[in-house]
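Just so it is clear, the model here is predicted, and its values are computed rather than measured. Values below: every heavy atom of this structure, side chains too, minus hydrogens, waters and symmetry copies.
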Amino acid sequence: MKHGIQLFASLGLILATIFAGRPAVAGTFSEDLSACLVGATSPADRTALMQWIFSAIAVHPDLGQFIQLTEQERVQIEQDAADIFQRLLTEDCGTEARAAFVNEGIGGVQNSLGTLGEVAVGTLFENPAVVGGLTRLVNYVDLELLGETLLRE
């Protein structure tokens with residue numbers, strides 16, 4: 001029971017560090033968990049996780065002015081994501097989660113959750129409107145200067 005408490009006490013830390021850096025090399029058990037997590041998420045799950053990541057990033061002081069979420073909306077997004085994580089780690093991929101935790105420690109679980117986060121965020125960049133928004137940046141870059149700099153001998 002103590003390990004279970006430690007796992008869930010650490011879950012908040014894991015989720016907060018999904019993109020802050022993960023172990024460079026995944027073990028067999030975390031790779032199995034990653035595959036299960038990605039395979040067990042539906043498009044709706046990925047959207048909910050993408051929304052959660054976005055809402056978490058939006059609390060940064062330099063970004064908050066661009067995002068208008070009510071506290072009720074933020075709480076709902078967090079609850080939806082928590083439900084998905086709980087389902088994935090206890091039901092859909094419970095066997096794989098336990099094996100990763102027992103054999104590779106909390107880092108194995110963290111690594112797998114990071115993979116899931118990357119997949120969820122990757123969904124964002126599959127949207128043509130987002131791609132268009134990112135590529136508009138080229139309209140404001142001095143391509144001649146950039147070319148001269150890159151081709152300079």
> Within the distance-only criterion (no hydrogens, no angle test), does the side chain of Glu104 pair as donor or acceptor with the backbone N or O of Asn111 below 3.5 angstrom?
Replying inline: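 Side chain of Glu104 to backbone of Asn111, a donor-acceptor pair under 3.5 Å: no, none is there.
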>> side-chain contact (heavy atoms from CB on, under 4.5 Å), that's the test. Do Glu78 and Trp52 meet it? Break it down for me.
In response: CA-CA 6 Å; Glu78 291 168 353; Trp52 168 69; 4.1 Å; yes
Minimum-distance pair of heavy atoms, taken over all atoms of [X] and [Y]:
X      : Y      : value
Ala100 : Phe29  : CA-CB, 3.6 Å
Ser30  : Gly108 : CB-O, 3.2 Å
Gly117 : Ile53  : O-CD1, 4.1 Å

>> Run the side-chain contact (heavy atoms from CB on, under 4.5 Å) test on Cys93 and Leu33 for me, step by step, so that the C-alpha distance in whole Å, both residues' side-chain angles and the decisive distance to 0.1 Å come before the verdict.
In response: CA-CA 7 Å; Cys93 302; Leu33 176 55; 3.9 Å; yes
Spacing of [X] atom [atom1] and [Y] atom [atom2] [to the nearest 0.5 Å]:
X      : Y      : atom1 : atom2 : result
Leu88  : Ser112 : CG    : OG    : 11.5 Å
Ser55  : Gln76  : OG    : CD    : 11.5 Å
Asp32  : Thr95  : CG    : OG1   : 11.5 Å
Glu148 : Leu143 : CD    : CG    : 11.5 Å

In one Ile/Leu/Val/Met/Phe/Trp/Tyr side-chain cluster, 4.5 Å: [X], [Y]:
X      : Y      : value
Ile57  : Leu116 : yes
Leu69  : Leu63  : yes
Met50  : Val59  : no
Leu151 : Leu145 : no

>> Within the supplied structure, the quantity of interest is the number of heavy atoms (other residues, nucleotides, ligands) at a distance under 6.0 Å from Arg74 CZ; does it exceed 12?
In response: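 Enclosed: over 12 neighbouring heavy atoms sit under 6.0 Å from CZ of Arg74.
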>> Taking CD in Gln72 as the centre, count heavy atoms belonging to other residues, nucleotides or ligands within less than 6.0 Å. Is the count above 12?
In response: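 Result for CD/Gln72: open.
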> Listed by chain and number, what are the side chain to side chain donor-acceptor pair (under 3.5 Å) partners of Thr70, not counting sequence neighbours?
Replying inline: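 Glu73.
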>> For Gln79, give me all partners under side chain to side chain donor-acceptor pair (under 3.5 Å), at least two apart in sequence or on another chain.
In response: none
> Does the pair Leu49 and Phe85 meet the rule for a side-chain contact (heavy atoms from CB on, under 4.5 Å), with working shown?
Replying inline: CA-CA 9 Å; Leu49 293 175; Phe85 281 115; 3.7 Å; yes
Under 3.5 Å, sequence neighbours excluded: what are the donor-acceptor pairs made by side chains of residues 121-133?
from   : atom 1 : to     : atom 2 : distance (Å)
Thr123 : OG1    : Val119 : O      : 3.2
Thr123 : OG1    : Ala120 : O      : 3.4
Asn127 : OD1    : Ala129 : N      : 2.8
Asn127 : OD1    : Val130 : N      : 3.3

>> For a side-chain contact (heavy atoms from CB on, under 4.5 Å) check, start with the C-alpha distance between Phe54 and Ile67, then their side-chain angles and the critical distance, and finish with the verdict.
In response: CA-CA 10 Å; Phe54 184 79; Ile67 310 302; 3.3 Å; yes
>> Enumerate the salt bridge (Lys or Arg N to Asp or Glu O under 4.0 Å) contacts for residues 50-70, please, sequence neighbours excluded, ordered by first and then second residue.
In response: none
Pairs under 3.5 angstrom only: tabulate donor-acceptor contacts from the side chains of residues 36-46 to other protein residues two or more places apart or in another chain.
from  : atom 1 : to    : atom 2 : distance (Å)
Thr41 : OG1    : Val38 : O      : 2.9
Thr41 : OG1    : Arg46 : NE     : 3.0
Thr41 : OG1    : Arg46 : NH2    : 3.4
Ser42 : OG     : Ala44 : N      : 3.3
Ser42 : OG     : Asp45 : N      : 3.0
Ser42 : OG     : Asp45 : OD2    : 3.3
Asp45 : OD1    : Arg87 : NH1    : 3.4
Asp45 : OD2    : Ser42 : N      : 3.0
Asp45 : OD2    : Arg87 : NH1    : 3.4
Asp45 : OD2    : Arg87 : NH2    : 2.7
Arg46 : NH2    : Val38 : O      : 2.7

> What residues form a side chain to side chain contact (heavy atoms under 4.5 Å, CB included) with Asn139, not counting sequence neighbours?
Replying inline: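 Only Arg136 meet the side chain to side chain contact (heavy atoms under 4.5 Å, CB included) criterion with Asn139.
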